[in-house]
Amino acid sequence: MKGYEHPETIVCPGGPLLLRGRHVVTGRDGETHETTRPVTAVCRCDRSALFPWCDGTHKVLPERLRPS
Amino acid sequence: MDLPTPRGPLSEALVAALRTDREFLGVLPLTTGHDTEDGALALWVLHQLHYRDLAGVPDDLEWDPQLIRIRTVLEHALESRLRARFSAPSGRTFTDDLLTWVDEQDGHSLATYVHRDATREQVLELVRVRSLYHLMESDPTAWVVPRLGVRAKAALMELQYDEYGAGDPNRLHHHLWARGMAACDLDPSYGVYADNAPFEVLEQNNAMTLFGLHRRLRGAALGHLAAFEATSSLPSRRMAQGLQRLGLPAELVDYYTEHVAADAVHEQLAVRTIVGGLLADEPGLEEQAWFGAFTCLDLEDRVARRMLTDWGVLERERVA
């Protein structure tokens, strides 16, 4: 039987990067942040109030400011 | 939970029969031409038999054939009402376009009102009526799991695992909500505030249970989930800020703060891996997924309009 794709990272066009499992992410201040959820959304628009995590802010940005 | 106060002849006959003689033959004819709110409450009570204890009602009535018959008639009426409001967006594919489509909808928002303007008493009333869903958050969707193919099933469990606290009861979302209610001196026992719920809230809860209980509607259930998650992250932040503005307890703020981060993940998973996985196996369910998504936003708009109308907000906006 064939297997299914199950990537550890998923890039969401215009939105965050999804990380499955435990990872350590570096914030703006150089401090490290550990993921706590089964899947975590990492900010790619650089404007999240929860940075380095996504808080949905990309959705209110004009198209040109959203990550590709 | 205790049975709610009836809202018409149908729910009155149903509640009386559940309490006393368990003779339901006389209830079925009352579904003919029933008042919509009366029927919504009756259906909500019948759905509760599948979720929890009803005080003074034997457990085995969950599968009583006469009650199932009444439930079926009321569910057909509900589904017809929901279908009559729906039209599928043309030229769009669910997995590519759902998030954009959601952004384009401009229904009324209770979160926006709570953020800036709501009073403390209005927020507490909202907490009471929202408790009908938030105290069983994710439960209707859990019924969908065994009806799915491999990809969608694994994907839905990945999301539900987070909803249910990833193994930690203290992080389970409907428990976070119960703690928030208790901190506000509200009773977090299920169904205590059913009498506070306007028709639109009953309709909203019944739609979720309808989609969850019927294998036939699994596409609508997951489409609903995707739209629900896609309208949660930013509104949850507004709710959290509104609650902080009013000095409401940290436990309730925590519930919404948790949803800012959780649903930023869940909206992506729901569209890409859950509905994406479903439609990869069963492309014929695309229209049904849109039906579920539309129903989610439509009912939330109707709930918001109802609450804002009851509070006199829409009237003041018209005058101003």
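Naming convention: chains lettered A, B, ... in sequence-line order (proteins, then strands); numbering from 1 in each chain.
Taking CG from L50(A) and OG from S233(B), the interatomic distance works out to 8.0 Å, rounded to the nearest 0.5 Å.
Within residues 253-268 of chain B, the residues having any heavy atom less than 4.5 Å from a heavy atom of chain A are, in residue-number order, E258(B), V260(B), A261(B), A262(B), A264(B), V265(B), E267(B), Q268(B). Proximity to chain A among residues 160-183 of chain B is limited to Y161(B), D162(B), A166(B), judged by heavy-atom separations below 4.5 angstrom. Heavy-atom proximity under 4.5 angstrom to chain A picks out V150(B), R151(B) from residues 129-156 of chain B. Residues of residues 271-283 of chain B that come within less than 4.5 angstrom of chain A, heavy atom to heavy atom, are R272(B), T273(B) in numerical order.
When the candidates V42(A), V39(A), I10(A), T40(A) are compared by the number of heavy-atom contacts under 4.5 Å with chain B, V39(A) comes out ahead. Of the listed residues A49(A), S48(A), P13(A), C12(A), the one with more heavy-atom pairs under 4.5 angstrom with chain B than any other is C12(A). In terms of heavy-atom pairs under 4.5 angstrom with chain B, the leader among G14(A), G15(A), A41(A) is A41(A).
Proximity of a side-chain donor or acceptor of K59(A) to a complementary backbone N or O of L234(B) within less than 3.5 Å is not detected.
Under a cut-off of 6.0 angstrom, the local environment of CZ in R92(B) is crowded, with over 12 non-hydrogen atoms contributed by other residues, nucleotides or ligands. Residue R28(A) places its CZ atom among more than 12 non-hydrogen atoms of other residues, nucleotides or ligands, all under 6.0 Å distant.
Both the backbone and the side chain of T57(A) have a heavy atom closer than 4.5 Å to some heavy atom of chain B.
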